[in-house]
Amino acid sequence: MPELPEVETIVRGLNSRVIGWEVEKIIFLSGHLQDKHPENEKILNYFKGQKISAVRRRGKMIIVEFDHELRWLIHLKMTGQLYLARRTEATDKHVHVRVIFKKQAQELRFRDVRKFGFWFCLKGAELEKKVCASLGPEPLTLNYQDFLRLWKKYPARQAKSFLLDQKIMAGIGNIYSDEILFRAGIRPDRRVRTLKVGELKKLYRMMKQVLREAIALKGSSISDYVDSSGERGQFQEKHRVYGKEGATCQRCKKGIIRRQKIAGRSSYFCPVCQK
DNA sequence: AGCCCATCCTGTCCGC
DNA sequence: TGCGGACAGGATGGGC
């Protein structure tokens, strides 16, 4: 579900509110998180009385830090939500974790319909090791020289697969890869090696522009996504191709937006003005 | 190396 | 109204 702009929005929202909040109690409401990570159960008590010192994002992962070395590593995958709600507000069967804070009417909830998401506790060093081993650089802080190095390293990849692979760059998912490629005028199945300098520059520029605009509009809400206050994003209104199969292309007014499985995912593009 | 597929899970939507 | 199939913002591991 959430990609970089959505996760960034959640992290910013939490950062503006929960810093210094003291954990009183953590309640796991369903077993699947502990089944996958039994250490969660063992170290639960460790967080009592601890204050949140920072909430960070790396790719699509959320990291919650405390004043000691144990941290939470959270991934929302397809349908995960992480938001603040009043303690008295009803939960449904998809809420899997509740974090109660001392002297706070709001609690932090982790809700996930499809249960693909994870939430577990790691020491800082292990967490950094795990995250660094699996994630490439952040697209928003990547400079053009390093982007060119990545382009040289993966010549045989399809452009879509290049953008989607978290080991190459971390944070872009199915929606934003399509929106970036549309704005760059590049077909998702173009081989990376065939991209000309002008196209590469445009791809780099559009990657940053789309992600920044999406963050400014607090992400895309297609079905499940809500931010840390339970609010929907607005960037879905700016989508030009994602989910628009059969529509006339807004740019060239000639092409009909096509859906095709590329890089294992439904991909939307204009067959006329994306080359 | 890179692509495709199935898999983890639940819900929704569409056609018959 | 029911039923089956396709599909969903992610990531991984196996096979080719």
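Chain naming here is simple, since letters A, B, ... match the order of the sequence lines and numbering starts at 1 in each.
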- Query: How close do Gln34(A) and Phe28(A) get, heavy atom to heavy atom, and via which atoms?
  - Reply: NE2-CB, 3.0 Å

- Task: Indicate, with a heavy-atom threshold strictly under 4.0 Å, whether Tyr176(A) touches base, sugar-phosphate, or nothing.
- Result: nothing

- Query: What residues in residues 183-193 of chain A put a non-hydrogen atom under 4.0 Å from any atom of DNA chain C?
  - Reply: none

- Task: Give one of base, sugar-phosphate or nothing for Asp112(A), where a contact means two heavy atoms less than 4.0 Å apart.
- Result: nothing

- Task: Under 4.0 Å from any atom of DNA chain B, heavy atoms only: list the residues of residues 145-157 of chain A that qualify, in numerical order.
- Result: Tyr154(A), Ala156(A), Arg157(A)

- Centroid-centroid distance, Phe47(A) to His68(A), less than 6.0 Å: yes

- Task: Give the C-alpha distance, both sets of side-chain angles, the deciding distance and a yes or no for salt bridge (charged side-chain N to carboxylate O under 4.0 Å, His left out) between Glu179(A) and Arg240(A).
- Result: CA-CA 7 Å; Glu179(A) 294 299 323; Arg240(A) 297 289 176 258; over 6 Å; no

- Task: Using both pair distances under 3.5 Å as the test, note the stems of at least 3 consecutive Watson-Crick or G-U pairs that include DNA chain C.
- Result: B:2-8 with C:10-16, B:10-16 with C:2-8

- Item | Cationic N near anionic O, under 4.0 Å, Arg190(A) to Glu199(A) | yes

- Over 12 non-hydrogen atoms of neighbours within 6.0 angstrom of NZ in Lys218(A): no

- Item | N-O pairing of Glu126(A) and Lys130(A) below 4.0 Å | no

- Query: Which whole number of Å gives the distance between the P atom of dA1(B) and that of dG10(C)?
  - Reply: 24 Å

- Message: Between dT10(B) and dT1(C), how far apart are the two P atoms, rounded to whole Å?
- Response: 26 Å

- Rounded to the Å, how far apart are Leu76(A) CG and dC9(B) P? 18 Å

- Assess whether atom NZ of Lys208(A) is packed by more than 12 heavy atoms of other residues, nucleotides or ligands within 6.0 Å. yes

- Which of parallel (below 30°), tilted (30 to 60°) and perpendicular (above 60°) describes Trp119(A) and Phe110(A)? perpendicular

- Crowded around Lys201(A) NZ? As in, over 12 foreign heavy atoms under 6.0 Å? no

Nucleotide N/O of nucleotides 11-13 of chain B paired with protein N/O under 3.5 Å:
residue: dG11(B); atom: OP1; partner: Lys93(A); partner atom: NZ; Å: 3.0
residue: dG11(B); atom: OP1; partner: His94(A); partner atom: NE2; Å: 3.1

- Whole Å only: how far is the NE2 atom of His96(A) from the C1' atom of dC8(B)? 13 Å

- Query: Between Phe147(A) and Tyr144(A), how do the two ring planes meet: parallel, tilted or perpendicular, split at 30° and 60°?
  - Reply: parallel

- Distance under 6.0 Å and angle within 45° of the ring axis: does Arg71(A) meet both against Phe66(A)? no

- Message: Set out, in order, the CA-CA distance, both residues' side-chain angles and the distance that settles side chain to side chain contact (heavy atoms under 4.5 Å, CB included) for Arg58(A) and Ile63(A), then state yes or no.
- Response: CA-CA 8 Å; Arg58(A) 181 70 176 86; Ile63(A) 298 157; 4.2 Å; yes

- For dC9(B) and dC3(C), measure between their P atoms and round to the nearest Å. 24 Å

- Query: So, Tyr225(A) and Thr79(A): side-chain donor and acceptor under 3.5 Å apart, yes or no?
  - Reply: no

- How many Å lie between CD on Gln260(A) and C1' on dC4(B), as a whole number? 14 Å

- Message: Tell me whether the side-chain N/O atoms of Thr79(A) come closer than 4.0 Å to OP1 or OP2 in dA8(C).
- Response: no

What protein N or O atoms touch nucleotides 10-14 of chain C N or O atoms at under 3.5 angstrom, if any, and at what distances?
residue: dG10(C); atom: OP1; partner: Lys60(A); partner atom: NZ; Å: 2.8
residue: dG10(C); atom: OP2; partner: Asn174(A); partner atom: N; Å: 3.3
residue: dG10(C); atom: OP2; partner: Arg265(A); partner atom: NH1; Å: 2.8
residue: dG10(C); atom: OP2; partner: Arg265(A); partner atom: NH2; Å: 2.2
residue: dA11(C); atom: OP1; partner: His75(A); partner atom: NE2; Å: 2.8
residue: dA11(C); atom: OP2; partner: Lys60(A); partner atom: NZ; Å: 2.7

- Item | Between dA1(B) (C1') and Phe162(A) (CZ): distance, integer Å | 15 Å

- Query: Using links of under 4.5 Å between side-chain heavy atoms of ILVMFWY residues, direct or through other members, which residues join Phe269(A) in one cluster?
  - Reply: Ile262(A)

- Task: Please check if any side-chain donor atom of Asp227(A) sits under 3.5 Å from a side-chain acceptor atom of Thr9(A), or the reverse.
- Result: no

- Any Lys/Arg nitrogen of Arg86(A) or Glu107(A) sitting under 4.0 Å from an Asp/Glu carboxylate oxygen of the other? no

